[in-house]
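Computed from a prediction, not measured in an experiment: that's the story for all the values here.
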Amino acid sequence: DWSSDVCSSDLPITNLTRIFESLSANVSSTKDPNELVERIRLNLNRAICEQFTDEQGRIHGMVFEPRLELELRRALQNGRIILPPEAFEGLILKLATELRDASARKQEVALLVDSSLRRPIRVMLQRGLPDLAVISYSEVPIDTLLEPEVIVRYDEVFRAMQQS
């Protein structure tokens, strides 16, 4: 559902007016709901990132190491990421652990990814990690510094497969 992607935990509903303004500004150039969502998110980038930004203007997040990001791009088929069950479980476990640890530190973190992966990863993680915000690098305001709290590594996700 595209509306849940716009009005998700990483974008407060108080921005409804701005969401509708952005929608009306973009609907003449595309009718694809997924593309509209991405355009709306770009227009609301500061509001999306605000809850993850500290007093020094840094956004705290989890990022994928390049090798893992490349593998996720390779696993992209028809707008969905298709991973072997062991890798999917490894990814969910790693992200859930890091999200829990950040919560224990009372720190809000988001998963920062390439824009081509943002929606497919959000869809893939929605059931197992509904509270994890997935933000594309292009949504981060230019005056906001990225502070990677966690780098999710290929070996951590594909560990079970390598051992068999």
Side-chain angles (χ1 to χ4, degrees), residues 1-19 22 34 37-73 75-76 80-81 83 85-160 162:
D1 178 38
W2 72 272
S3 62
S4 67
D5 206 20
V6 175
C7 303
S8 64
S9 63
D10 56 339
L11 183 59
I13 196 73
T14 56
N15 289 299
L16 204 50
T17 301
R18 290 187 57 207
I19 291 169
S22 183
N34 295 330
V37 166
E38 295 309 314
R39 290 183 186 189
I40 291 168
R41 290 180 61 88
L42 283 174
N43 289 333
L44 300 171
N45 64 344
R46 192 161 301 279
I48 290 171
C49 294
E50 194 171 68
Q51 75 185 83
F52 307 103
T53 305
D54 67 15
E55 308 82 40
Q56 289 81 33
R58 299 175 302 193
I59 187 168
H60 297 271
M62 297 183 274
V63 298
F64 294 135
E65 80 171 330
R67 182 177 170 201
L68 177 57
E69 189 167 302
L70 179 61
E71 190 60 36
L72 292 171
R73 277 199 196 105
L76 193 58
R80 294 202 178 271
I81 296 176
L83 290 177
E86 299 87 2
F88 176 72
E89 184 178 331
L91 180 61
I92 291 284
L93 286 173
K94 174 65 176 171
L95 293 173
T97 299
E98 296 300 340
L99 190 60
R100 186 182 60 243
D101 291 351
S103 179
R105 294 187 310 265
K106 301 203 182 320
Q107 185 172 48
E108 293 284 337
V109 294
L111 177 60
L112 297 160
V113 299
D114 181 76
S115 60
S116 66
L117 292 174
R118 195 205 68 76
R119 182 166 175 74
I121 287 176
R122 180 71 219 130
V123 169
M124 180 178 68
L125 298 177
Q126 197 158 3
R127 274 194 153 153
L129 295 169
D131 295 332
L132 177 61
V134 181
I135 300 173
S136 74
Y137 293 113
S138 60
E139 292 171 339
V140 177
I142 197 159
D143 61 343
T144 303
L145 299 172
L146 296 178
E147 183 78 27
E149 293 293 320
V150 174
I151 299 174
V152 181
R153 303 196 184 287
Y154 177 92
D155 294 341
E156 295 170 316
V157 173
F158 289 92
R159 177 178 291 137
Q162 294 170 345

Chemist: What are the two closest heavy atoms between D54 and H60, and how far apart are they?
Modeler: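 Nearest heavy atoms, D54 then H60: OD2-NE2, 2.8 Å.
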Chemist: Just wondering, do Y137 and V63 contact through their side chains at under 4.5 Å, heavy atoms?
Modeler: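 Side-chain contact under 4.5 Å: yes.
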Chemist: Above 12 or not: heavy atoms from other molecules or residues under 6.0 Å from CZ of R73?
Modeler: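 Atom CZ in R73 is packed in, count exceeds 12.
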Chemist: Do the non-hydrogen side-chain atoms of E71 and R67 ever get within less than 4.5 Å of each other?
Modeler: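 Side-chain contact under 4.5 Å: no.
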Chemist: Walk me through whether R118 and E38 qualify under salt bridge (charged side-chain N to carboxylate O under 4.0 Å, His left out).
Modeler: CA-CA 9 Å; R118 195 205 68 76; E38 295 309 314; 2.7 Å; yes
Chemist: Just so I know, are the side chains of I121 and F64 near enough to count as touching, which here means a heavy-atom distance under 4.5 Å?
Modeler: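 Heavy-atom side-chain distance check passes, below 4.5 Å.
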Chemist: State, to 0.1 Å, how close S115 and S138 come at their nearest heavy-atom pair, and which atoms those are.
Modeler: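 Closest approach of S115 to S138, heavy atoms only: CB-OG, 3.8 Å.
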Chemist: I'd like to know whether CZ of R105 has more than 12 heavy-atom contacts from other residues, nucleotides or ligands below 6.0 angstrom.
Modeler: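 Yes, because the 6.0 Å sphere around CZ of R105 holds more than 12 heavy atoms from other groups.
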Chemist: Is there side-chain contact between L72 and V113, with heavy atoms separated by less than 4.5 Å?
Modeler: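 Heavy-atom side-chain distance check fails, nothing below 4.5 Å.
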Chemist: Closest approach of E149 and V109, non-hydrogen atoms and distance?
Modeler: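 Looks like CG-CG1, 4.2 Å.
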Chemist: Walk me through it: do I135 and R41 pass the test side chain to side chain contact (heavy atoms under 4.5 Å, CB included)?
Modeler: CA-CA 9 Å; I135 300 173; R41 290 180 61 88; 4.3 Å; yes
Chemist: List, one per line, each side-chain donor-acceptor pair under 3.5 Å for residues 141-148, sequence neighbours excluded.
Modeler:
{"unit_1": "D143", "atom_1": "OD1", "unit_2": "R46", "atom_2": "NH1", "d": "3.3"}
{"unit_1": "D143", "atom_1": "OD1", "unit_2": "R46", "atom_2": "NH2", "d": "3.0"}

Chemist: Quick check on E89: does its CD atom have over 12 non-hydrogen neighbours (other residues, nucleotides or ligands) under 6.0 Å away?
Modeler: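 Check fails, neighbour count at 12 or below.
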Chemist: Does any non-hydrogen side-chain atom of E108 lie less than 4.5 Å from one of E50?
Modeler: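 No, their side chains stay 4.5 Å or more apart.
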Chemist: Should I81 and L117 count as side-chain neighbours, where that means a heavy-atom distance under 4.5 Å?
Modeler: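 Contact flag for I81/L117 side chains = yes.
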Chemist: Among all residues two or more places apart in sequence or in another chain, which pass the salt bridge (charged side-chain N to carboxylate O under 4.0 Å, His left out) test with D101?
Modeler: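 Testing D101 for salt bridge (charged side-chain N to carboxylate O under 4.0 Å, His left out), a comparison that skips the adjacent residues, returns none.
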Chemist: Quick one: pull up CD in Q51 and CD1 in I59 and give me the separation to the nearest 0.5 Å.
Modeler: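 These two atoms lie 9.0 Å from each other.
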Chemist: CG of L95 to CG of L91: how many Å apart, nearest 0.5 Å?
Modeler: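 CG of L91 is found 4.5 Å from CG of L95.
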Chemist: Using the test salt bridge (charged side-chain N to carboxylate O under 4.0 Å, His left out), find all partners of E98 that sit at least two apart in sequence or belong to another chain.
Modeler: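 With sequence neighbours excluded, E98 shows a salt bridge (charged side-chain N to carboxylate O under 4.0 Å, His left out) to K94, given in chain and number order.
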Chemist: Are side-chain heavy atoms of R122 and L111 found at a separation under 4.5 Å?
Modeler: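 Result no, sub-4.5 Å side-chain heavy-atom pair not found.
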Chemist: I need the F158 CZ to E86 CD distance, nearest 0.5 Å.
Modeler: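 It is 10.0 Å, given to the nearest 0.5 Å.
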Chemist: Side-chain contact test, heavy atoms from C-beta onward, threshold under 4.5 Å: evaluate it for M124 versus F88 and give yes or no.
Modeler: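 M124 reaches F88 side chain to side chain.
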Chemist: Would you find a donor on one side and an acceptor on the other, under 3.5 Å apart, between the side chain of T97 and the backbone of L93?
Modeler: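 A pair under 3.5 Å: yes.
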Chemist: Ignoring hydrogens, what is the shortest heavy-atom contact between E139 and N45? Give both atom names and the distance.
Modeler: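 Looking at all heavy atoms of both residues, the closest pair is O-CB, 2.7 Å.
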Chemist: G61 and L112: which non-hydrogen atoms are nearest, and at how many Å?
Modeler: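 Scanning both residues completely, I find the closest heavy atoms to be CA-CD1, 4.2 Å.
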